[in-house]
Participant: 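Sharing a structure here in structure tokens format.
Just so you know, these numbers come straight off a predicted model, no measurement behind them. Each residue takes its place number in the sequence, starting with 1.
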Amino acid sequence: MATKTIEAGVAMMKVLESWGVKHVYGYPGGSISSTMHALEVEQERIKYVQVRHEQVGALAAAGHAKATGEIGVTFGSAGPGAVNLLNGLYDAKEDNVPVLAIVGQVPSTNMNYDYFQEFPEIPMFSDVADYNRIVMTAESLPYVIDKAIREAYKNQGVSVVVIPNNLGFVEIEDIPFSSAQNTDRKPAPEPEATDEEVAHLLAMIKEAKRPVFHVGSGIKGNQDKLQKLAEKLQIPVVITGLAKGKVDDNFAGNMGTSNRAASKAADEIFGVADLVIALGANFPFANLVYRTHEFKFVQIDNDKAKFGRHHYLDYSIWSDSGKFLDKALEMSEQQPASPFYQAAVEDMQNWKEYLNKLMNKTDGALEYEQVYREINRIAEPDALFSVDVGDNIINSFRFLDMKREQKMTISALFATMGYGLPGAIAGQFAYPERQVFNIAGDGAFSMVMQDLLTLNKYNLPVINVITSNQFLSFIKSEQDDLTMNNFGVDLKDANFKQIAEAMGVHGIEVNEAKDLAAAFDEALATSKAGKPVLIDANITSKRGLPVEELQLEIEGDHFVEYVSAGYQETHGKRTLEEFFAEYDAQELKSLPYYFEKYGVTL
């Protein structure tokens with residue numbers, strides 16, 4: 001009997017299918033033709049998504065992994081295609097999500113001959129990829145792909161496989177190549193806190209006067225347990241950006257995010273903490289925020305490598321967040337109402353009232369807060385938000401009213417502009433029945449706007465909300481706070497409505513607040529009809545309140561709050577009240593006001 005054979009590239013596709021891969025994002029090139037051929041052969045079982053730039057493909061693969069927890073797959077051709085993948089692959093690496101990049105190479109018979117677009121790709125990917133291999137034989141191609149997927153899941157990072165173009169066409173023996181098994185698709189064993197460790201932490205909490213939880217995405221699905229423990233022990237919760245939506249926005253003890261993309265209450269409460277308990281938090285701004293004052297620091301994480309990464313340790317507990325919370329709830333006692341906790345809760349209520357005032361303006365020039373009011377109004381309970389880098393990160397953390405079943409994906413640690421649209425493309429493919437938003441500024445969106453064509457090509461009903469003010473506002477604000485003039489941050493205006501329509505996407509332009517609700521109603525109807533839509537929201541260039549400029553210090557037996565010396569140096573002398581008034585925030589009270597109200601003592 002003749003041996004049954006299969007093309008190596010097709011065998012590779014069958015390995016991807018065995019791992020549950022349903023979409024592959026990429027752009028054709030001459031050096032990846034064998035992969036394109038294999039995608040054609042397997043097109044009934046795995047969908048090739050043609051993006052218009054390899055960066056978009058890599059970011060979409062990362063976005064898929066962030067939204068689903070499953071591996072995202074992208075590809076690029078030799079040379080320029082491979083280089084273009086790097087931005088999205090670094091995003092996946094920094095945010096610890098599994099991505100496989102299939103990279104083309106010239107035929108093996110032409111390698112080392114300085115052939116057209118021949119490029120030494122392995123060294124280029126050596127930093128971004130945990131698993132980085134070039135396929136040497138056709139027979140090994142499906143094996144290497146299988147191994148790469150395992151490594152990506154194991155490392156929660158990037159695997160790169162470089163394939164000389166001719167190898168994918170070679171007929172090889174058709175044998176079982178995949179190691180994908182249902183038996184290993186179960187949660188890995190997690191470390192568990194001991195009674196002694198939890199007892200030690202509870203003793204530290206009892207000694208502290210102003211303890212704070214700092215919670216990251218490692219909270220996973222344990223928000224109910226966190227809320228119960230926070231209320232039981234009367235400890236306010238500050239979250240990282242990746243925990244937005246993982247801790248209820250309407251939980252009174254949730255102070256929101258800290259640093260610059262932050263709430264006033266979070267920065268204030270963190271600024272007076274004498275005990276910080278980091279729970280599943282990998283906070284990239286720790287070297288800034290954690291250095292504002294002295295406090296005791298406890299870190300709880302299931303990854304021992306993260307201990308001490310951002311601050312010297314007073315104590316650490318190697319544990320899964322849920323297992324820690326279970327034991328802490330079991331071993332702790334209900335604490336009486338804490339003046340510190342009460343002050344924190346009312347401080348946050350005061351901040352939310354201010355945000356609601358800004359959102360609920362209905363006339364005059366269009367401002368970004370009103371855009372978020374409308375997003376919240378039309379967003380479905382399980383909507384997915386893909387948020388681009390820039391001021392929309394700050395504004396989404398502040399103004400998006402996240403529900404439990406909703407998801408937000410961002411480029412968190414790498415913070416690459418242009419993430420929003422690729423993340424939305426991936427989100428809509430992964431969840432075709434769910435509502436998906438791309439929220440981006442004009443600077444970030446213009447980097448990837450050619451892929452509106454991808455929305456059109458595949459009839460993806462994404463709602464694109466583009467806040468356009470002709471500035472790189474996030475960078476402009478940074479320059480405003482330095483002793484320099486604004487330079488290079490002004491943007492040539494574009495009519496994104498017309499650009500969208502030229503690419504086959506329904507466009508809507510809004511210039512005044514009074515027209516905003518009708519525009520979002522139209523966008524919602526278009527999306528529900530199965531068509532993509534773009535809202536070109538021409539907002540003012542006003543800056544949101546820079547809460548990171550608020551500082552607290554102990555004077556005698558109480559705290560005082562003031563505007564940072566650096567801000568006053570570049571913007572002029574001002575009192576705290578004048579600072580608030582500058583941002584239409586006259587109703588905001590300082591944290592010491594609430595400390596005095598509730599009798600918080602040092």
Side-chain angles (χ1 to χ4, degrees), residues 198 200-215 223 225-240 243 247-259 262-279 281 283 289-290 292-300 311 314-315 325 328-329 331-354 547-548 550-562 576 588-602:
V198 173
H200 184 88
L201 174 57
L202 292 174
M204 293 180 71
I205 292 171
K206 189 173 183 179
E207 292 175 3
K209 293 184 176 180
R210 297 176 300 279
V212 173
F213 279 119
H214 195 199
V215 175
Q223 59 176 308
K225 297 175 184 178
L226 172 68
Q227 288 178 205
K228 287 179 183 176
L229 186 64
E231 289 177 327
K232 189 175 186 180
L233 299 179
Q234 294 285 284
I235 300 176
V237 174
V238 175
I239 63 173
T240 68
V247 180
D248 280 348
D249 280 342
N250 61 5
F251 168 47
N254 181 1
M255 302 291 105
T257 51
S258 64
N259 192 38
S263 78
K264 168 180 169 288
D267 276 2
E268 288 175 319
I269 291 300
F270 208 100
V272 301
D274 62 355
L275 172 63
V276 173
I277 306 160
L279 179 58
F283 187 50
V289 176
Y290 281 13
T292 56
H293 67 291
E294 293 295 320
F295 53 78
K296 289 186 176 180
F297 183 65
V298 176
Q299 195 169 359
I300 304 163
H311 193 277
D314 290 283
Y315 198 63
L325 291 167
L329 283 167
M331 294 179 61
S332 59
E333 296 179 356
Q334 178 66 51
Q335 297 302 301
S338 156
F340 173 63
Y341 186 78
Q342 291 174 306
V345 167
E346 190 163 345
D347 192 29
M348 187 59 179
Q349 289 173 344
N350 180 227
W351 172 250
K352 285 184 173 180
E353 289 166 2
Y354 165 63
V547 294
E548 71 275 13
L550 296 172
Q551 296 188 354
L552 288 131
E553 287 187 357
I554 294 174
E555 286 188 5
D557 62 352
H558 63 283
F559 279 98
V560 295
E561 188 167 14
Y562 59 93
L576 190 62
L588 287 182
K589 300 287 194 296
S590 69
L591 180 61
Y593 168 87
Y594 292 109
F595 278 1
E596 183 177 353
K597 177 178 178 179
Y598 287 98
V600 176
T601 59
L602 297 181

Participant: Are the side chain of Asp274 and the backbone N or O of Arg210 linked by a donor-acceptor pair below 3.5 Å?
Facilitator: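 It does hold such a pair.
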Participant: I need the minimum non-hydrogen distance between Leu602 and Gly556, along with the two atoms involved.
Facilitator: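 So the minimum-distance heavy-atom pair works out to CD1-O, 4.1 Å.
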Participant: Using the side-chain contact (heavy atoms from CB on, under 4.5 Å) definition, which of the options Gln551, Met255, Glu548 pairs with Asp267?
Facilitator: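 Among Gln551, Met255, Glu548, the one meeting side-chain contact (heavy atoms from CB on, under 4.5 Å) with Asp267 is Glu548.
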Participant: If you define the side chain from C-beta out and look only at heavy atoms, does anything of Phe340 sit under 4.5 Å from Pro236?
Facilitator: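 A side-chain contact under 4.5 Å exists here.
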Participant: Mind checking the NZ-CG spacing from Lys352 to Asn250? Nearest 0.5 Å is all I need.
Facilitator: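 Rounded to the nearest 0.5 Å, the NZ-CG separation comes out at 6.5 Å.
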Participant: Quick check: closest heavy atoms across Val215 and Ala243, and the distance to 0.1 Å?
Facilitator: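 Taking every non-hydrogen atom into account, O-CB, 3.6 Å.
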Participant: Roughly how far, to the nearest 0.5 Å, is the CD1 atom of Ile277 from the CE atom of Met204?
Facilitator: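 Here the rounded value is 8.0 Å.
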Participant: Identify the two heavy atoms, one from Ser263 and one from Val547, that lie closest to each other, and give their separation to 0.1 Å.
Facilitator: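 Closest heavy-atom pair between Ser263 and Val547: O-CG2, 3.9 Å.
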Participant: Identify the heavy atoms of Pro211 and Ile205 that sit nearest to each other, and give their distance.
Facilitator: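 Smallest heavy-atom distance, with atoms named: CG-CG2, 4.5 Å.
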Participant: Which distance, rounded to the nearest 0.5 Å, do you find between the CG of Asp248 and the CD of Gln223?
Facilitator: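 CD of Gln223 is found 4.0 Å from CG of Asp248.
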Participant: Where the side chain of Asp314 meets the backbone of Phe297, is there a donor-acceptor pair that is under 3.5 Å apart?
Facilitator: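 Present.
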Participant: Would you kindly say whether Glu553 and Tyr562 are connected by a side-chain donor-acceptor distance under 3.5 Å?
Facilitator: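 On atom types as modelled, these side chains qualify, holding a pair under 3.5 Å.
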Participant: Out of curiosity, Glu231 CD to Leu226 CG, how far, rounded to the nearest 0.5 Å?
Facilitator: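 Spacing of CD (Glu231) from CG (Leu226) equals 9.5 Å.
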Participant: Just how far is it from atom CD1 of Ile235 to atom CZ of Phe213, taken to the nearest 0.5 Å?
Facilitator: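 Ile235 atom CD1 to Phe213 atom CZ measures 4.0 Å (nearest 0.5 Å).
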Participant: May I ask you to check whether Tyr341 and Gln335 show a side-chain donor-acceptor distance below 3.5 Å?
Facilitator: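 Result is no, nothing qualifies.
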Participant: Quick one: are the ring centres of Phe270 and His214 less than 6.0 Å apart?
Facilitator: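 Yes.
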Participant: Which atoms form the tightest heavy-atom contact between Leu588 and Asn350, and what is the distance?
Facilitator: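 Looking at all heavy atoms of both residues, the closest pair is CA-OD1, 3.3 Å.
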Participant: On a heavy-atom basis, which atom in Glu333 and which in Lys232 lie closest, and how many Å separate them?
Facilitator: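 Smallest interatomic distance, heavy atoms only, reads C-CE, 3.7 Å.
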Participant: Any side-chain heavy-atom pair from His558 and Pro592 closer than 4.5 angstrom?
Facilitator: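 Contact flag for His558/Pro592 side chains = no.
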Participant: Counting distance only, does the side-chain N/O of Gln234 pair as donor-acceptor with the main-chain N or O of Ser338 below 3.5 Å?
Facilitator: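 Confirmed, Gln234 side chain pairs with Ser338 backbone.
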Participant: Quick one: does Val600's side chain get under 4.5 Å of Phe559's, heavy atoms only?
Facilitator: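 Side-chain contact under 4.5 Å: no.
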Participant: Which word best sums up how the rings of His311 and Phe295 line up, parallel for under 30°, tilted for 30 to 60°, or perpendicular for over 60°?
Facilitator: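 The rings of His311 and Phe295 lie parallel, inter-plane angle below 30°.
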Participant: Does the pair Leu550 and Leu576 meet the rule for a side chain to side chain contact (heavy atoms under 4.5 Å, CB included), with working shown?
Facilitator: CA-CA 8 Å; Leu550 296 172; Leu576 190 62; 3.4 Å; yes
Participant: I'd like to check Val237 versus Leu279 (side-chain heavy atoms, cut-off strictly below 4.5 Å). Are they in contact?
Facilitator: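 In short, these two side chains do not touch, never coming nearer than 4.5 Å.
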Participant: A quick test of your reading: do over 12 heavy atoms of other residues, nucleotides or ligands sit less than 6.0 Å from CD of Gln334?
Facilitator: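 Yes.
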Participant: Take atom NZ of Lys225 as the centre, draw a 6.0 Å sphere, and report whether it contains more than 12 heavy atoms from other residues, nucleotides or ligands.
Facilitator: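 Yes, NZ of Lys225 has more than 12 neighbouring heavy atoms, counting only those of other groups under 6.0 Å.
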Participant: Given side chains that start at C-beta, do those of Asp347 and Lys264 come closer than 4.5 Å, heavy atoms only?
Facilitator: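 Yes; the side chains approach each other to less than 4.5 Å.
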Participant: Could you walk me through whether Thr601 and Asp557 satisfy the side chain to side chain contact (heavy atoms under 4.5 Å, CB included) test, starting with their C-alpha distance in whole Å, then the side-chain angles of each, then the deciding distance to 0.1 Å, before giving a yes or no?
Facilitator: CA-CA 8 Å; Thr601 59; Asp557 62 352; over 6 Å; no
Participant: Check whether Lys228 reaches the backbone of Leu329 with its side chain - one donor and one acceptor, N or O, closer than 3.5 Å.
Facilitator: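 Side chain of Lys228 to backbone of Leu329, a donor-acceptor pair under 3.5 Å: no, none is there.
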Participant: Once you round to the nearest 0.5 Å, how far does CD of Glu353 lie from NZ of Lys589?
Facilitator: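 It comes to 9.0 Å.
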